[in-house]
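Contents: one structure, followed by commentary.
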Amino acid sequence: MCGIVGCLGFKNPREYVLNGLKTLDYRGYDSAGVAYYNDGIRIYKDVGAVEHLMELVPQDIKTDIMIGHTRWATHGVPNVANTHPHISKHKKICLVHNGVIENYEDVKKFLIGKHYDFYGDTDSEIVANLIEHYYLSENDILDALKKCMFVLKGSYALAIICNDYPDEMFVMKNGSPLVIGKGDGFNFVASDASPMIKYTDAFIELNDQEYGRITKTNVDIYDANGVKVTKKLIKKDIESISHDLKGYPHYMLKEIEEIPQTIKRLLETYVKDGKYTFDESLLNKLRESDHIMFIACGTSYHSSLVGGRYFEHYGKSTSKYIASEWAFDPVFPGNKPFIILISQSGETADLIHCLKIIKEHNLKNLIITNTGGSTLDRNCMYSLLLHSGVEVSVASTKAYVAQVTLLAMLAASLSKDTKLIDDLTDSLDVIYDIQDHYKPLIMKVADEIKDKKNLFYLGRSFDYFLSLEASLKLKEISYIHSEAIPGGELKHGPIALIEKGIPVIVFITDPETAPSMRGNIEEVKSRGAKVYTIATKSLSRPEDTIMVEDYAYYLSSVAVSSIAFYLAYYVALAKGLNVDKPRNLAKSVTVE
Ligand code: F6R
């Protein structure tokens with residue numbers, strides 16, 4: 001993963017680079033660093049998030065050129081040696097890297113043969129030395145980059161400074177995203193446009209296998225054969241990427257509370273005068289296909305389980321795949337499959353890998369993403385945006401609800417079924433009611449379960465899909481081991497794990513499955529479990545923990561997911577954990 005930034009000729013490089021890194025720390029926050037030129041290359045770096053780096057980097061830096069990096073560790077533990085920027089042995093080349101070099105061991109052996117040695121364990125340090133090696137032998141930095149591009153296998157977005165060219169920055173890209181921002185007398189680079197939008201709306205997007213040279217006023221880009229390519233200047237109207245906490249203590253809380261706004265925005269965007277406004281050609285492709293495949297990861301995969309069920313309801317056959325699994329054994333059910341990819345970030349490497357395969361097979365595809373201009377948004381045949389606003393907290397909340405909402409609308413639009421619009425509108429009251437009245441109760445439950453080691457969520461049908469997401473959210477930010485089990489599966493194995501005092505959280509919101517869920521509750525209670533129930537009022541019993549207003553049962557992931565999100569949030573808070581940046585994770589998973 002990792003985020004990279006760089007600038008040339010900008011009046012306050014420290015401000016751009018450090019704030020830019022903060023904007024990009026959704027890509028990783030194990031360690032961070034910067035490098036700049038002032039009578040030689042200077043580097044500041046350390047383990048920890050960008051806030052810590054801000055304390056280390058002097059206020060009064062005088063430089064025209066600066067690069068920076070925020071890291072999610074792949075090769076090598078998060079220590080100072082492995083923190084970017086990396087400098088080559090003879091101090092000619094200094095770079096920041098996002099990606100993974102697959103043949104780094106071969107390259108390392110090659111460089112050892114050339115008397116290179118290494119201070120850390122990263123593949124990125126090897127790239128710095130390889131560039132230096134070719135630069136010293138070719139005597140031309142651009143030729144050196146071209147040669148490296150030929151040798152290196154894997155993914156990379158690189159921003160490079162060279163001791164001999166204090167007024168120039170070099171870039172190279174394959175697989176990982178890299179965008180150049182054009183200013184008046186200054187230029188930027190970054191992993192995505194978000195750090196730059198404050199200063200420019202004109203961008204150049206690099207394609208794979210391109211490299212180039214950037215000065216204050218010029219950008220020259222070359223393809224893998226060394227031929228200069230004409231790049232289009234893209235004017236981006238990116239949704240305002242606000243990192244303002246708006247008075248909330250954490251982004252996760254803010255984002256949970258933005259859920260109603262997110263649903264409303266989707267209704268405004270994709271419904272006009274009571275009718276869906278999806279592109280007819282997209283709807284026709286979906287109608288013509290005999291099978292709809294969903295591919296996604298993590299939370300987005302969970303939303304595909306719900307969304308897939310909606311399409312099935314309208315007569316479509318579907319299958320749902322975890323991207324990293326499908327990519328290694330791609331199957332194509334049906335004669336005319338249509339593929340829906342789902343990704344909040346639009347940058348998830350596993351999914352980008354899948355898209356490559358999908359394109360090789362010439363299959364129709366759609367991305368549902370929150371990130372306009374992202375790799376998947378740009379490269380898929382159709383794209384539908386979630387319009388949720390930036391999601392900063394690593395744990396996805398509002399984007400999950402947005403994904404489910406949009407999938408429901410898309411499925412319903414195939415049959416022009418507009419009842420969904422009323423059901424979605426009604427679910428808003430349920431969510432507001434949860435926000436207004438249930439937080440103290442959820443905090444009490446959080447306090448009771450915070451010291452538990454294991455926990456189960458139970459549900460059936462749509463409540464099971466919600467349980468999967470509830471369970472993922474809890475484990476990723478509270479570090480409590482949690483599993484979601486379909487009620488009917490308990491007796492086929494998992495019930496062996498039920499013991500005295502283990503918390504079991506049960507969703508009962510579907511009239512069809514409620515009686516069986518009540519049976520499941522008795523089964524786990526009689527084995528000592530401490531049961532917490534979340535039920536809709538018409539299905540509730542006096543002993544239930546939380547009773548919410550009734551809603552169309554198939555919308556449980558929309559209407560009551562907030563309860564699960566609050567619970568995970570308050571448990572993490574009660575444990576004193578870093579809610580927005582849980583350990584070992586990053587917001588955008590840009591490595592496979
Ligand atoms: C969990 C979470 C992750 C992401 C997953 C896919 O809260 O956020 O599981 O859902 O990494 O990310 P996207 O949706 O950006 O492809």
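When a ligand or atom number is given, it counts from 1 through the structure's own listing order. All values below were derived from every heavy atom in this structure, side-chain atoms included, with hydrogens, water molecules and symmetry-related copies excluded.
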Exercise for the section: Can you see which heavy atom on Lys581 is nearest to which on Val394, and at what distance? Expected result: CA-CG2, 4.4 Å

Handout entry: His353: side-chain hydrogen bond (donor to acceptor under 3.5 Å, both in side chains) partners, not counting sequence neighbours
Key = Glu592

Handout entry: Polar side chain donor-acceptor pair, Ser300 to Gln403, under 3.5 angstrom
Key = yes

Practice task
Please write down residue, atom name and distance for the protein heavy atom closest to atom 15 (O) of ligand 1.
Solution key: Ser345 OG, 2.6 Å

Exercise for the section: Determine, for Glu312 against Arg309, whether the closest basic-nitrogen to carboxylate-oxygen distance falls under 4.0 angstrom. Expected result: yes

Problem - Contact check, His302 vs ligand 1, heavy-atom distance below 4.0 Å - result: no

Practice task
Check side-chain hydrogen bond (donor to acceptor under 3.5 Å, both in side chains) between His52 and all other residues, then give those that pass, not counting sequence neighbours.
Solution key: Asp46

Exercise for the section: Say whether Leu351 and ligand 1 are in contact under the criterion: heavy-atom distance to a ligand atom below 4.0 Å. Expected result: no

Exercise for the section: Decide whether an N or O pair under 3.5 Å exists between Thr348 and ligand 1. Expected result: yes

Fill in the blank from the handout: Counting from 1 in the order shown, the ligand 1 atoms closer than 4.0 Å to a non-hydrogen atom of Lys473 are 1 (C), 7 (O)

Problem - Under 4.0 Å to a heavy atom of Glu476 - the qualifying atoms of ligand 1, by number - result: 1 (C), 7 (O)

Exercise for the section: Give a yes/no verdict on whether any heavy atom in Leu585 is under 4.0 Å from an atom of ligand 1. Expected result: no

Handout entry: Pairing of Glu257 and Lys246 as salt bridge, 4.0 angstrom limit
Key = no

Exercise for the section: Look only at interatomic distance and state if Gln403 has a nitrogen or oxygen under 3.5 Å from any nitrogen or oxygen of ligand 1. Expected result: no

